[in-house]
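Below: the structure, in structure tokens.
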Amino acid sequence: WRKVSMPGLNNIGLLVRIAGTVRHIEPGSFYLDDGSTYGDLASPGIKVQFPAGAAAPPAGAIAVVTGISSLYRTDDGVYRLMLVAGAEDIVH
């Protein structure tokens, strides 16, 4: 048994605000390219998951998102995720 840790600080679980360009839209989520050149295989950027009743900004729009910083896991790796509480937390 060997413990593997990721050194340094992280922002998981914190309320954060990010800004960038909407790159890819899926049902219930979209990807916001904040310029960090980070993303999963679907699109560059941070995946933003929003609740039912909220709508994604149009692709290409500049948006500011406030939410909880989180992660999601796929077979390909671990990726950044923003969890948004409501439509008022997405400004474009």
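Numbering starts at 1 and runs along the sequence shown. In this text, all values refer to a predicted model and were calculated from it rather than measured experimentally.
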With side chains defined as the heavy atoms from C-beta onward, is the minimum distance between Thr21 and Ile62 less than 4.5 Å? yes
ILVMFWY network linking Val16 to Val22, side-chain heavy atoms under 4.5 angstrom: yes
For residues Phe30 and Ala56, report the shortest heavy-atom separation together with the two atoms involved. CD2-CB, 3.7 Å
If you look at every heavy atom in Ser69 and Asn11, which pair is closest and at what distance? OG-OD1, 3.1 Å
Spacing of Asp89 atom CG and Leu15 atom CG [to the nearest 0.5 Å]: 8.0 Å
Closest approach of Met82 and Thr66, non-hydrogen atoms and distance? CE-C, 4.0 Å
Looking at Tyr72, is Lys47 sitting on its ring face, NZ or CZ under 6.0 Å from the six-membered ring centre and within 45 degrees of the normal? yes
So, for Val64 and Ala19, which heavy atoms are closest and what is the spacing to 0.1 Å? CG2-CB, 4.0 Å
So if I apply the side-chain contact (heavy atoms from CB on, under 4.5 Å) rule between Val48 and each of Ile25, Val65, Leu83, which one comes out positive? Val65
Quick one, Arg80 with Ile18, criterion side chain to side chain contact (heavy atoms under 4.5 Å, CB included). Give me CA distance, side-chain angles, the key distance, then yes/no. CA-CA 12 Å; Arg80 296 188 290 174; Ile18 59 172; over 6 Å; no
Can you name the nearest heavy-atom pair linking Ala55 to Ile90, along with the distance? O-CD1, 4.3 Å
Are Val91 and Leu32 co-members of a hydrophobic cluster defined by side-chain heavy atoms under 4.5 Å apart? no
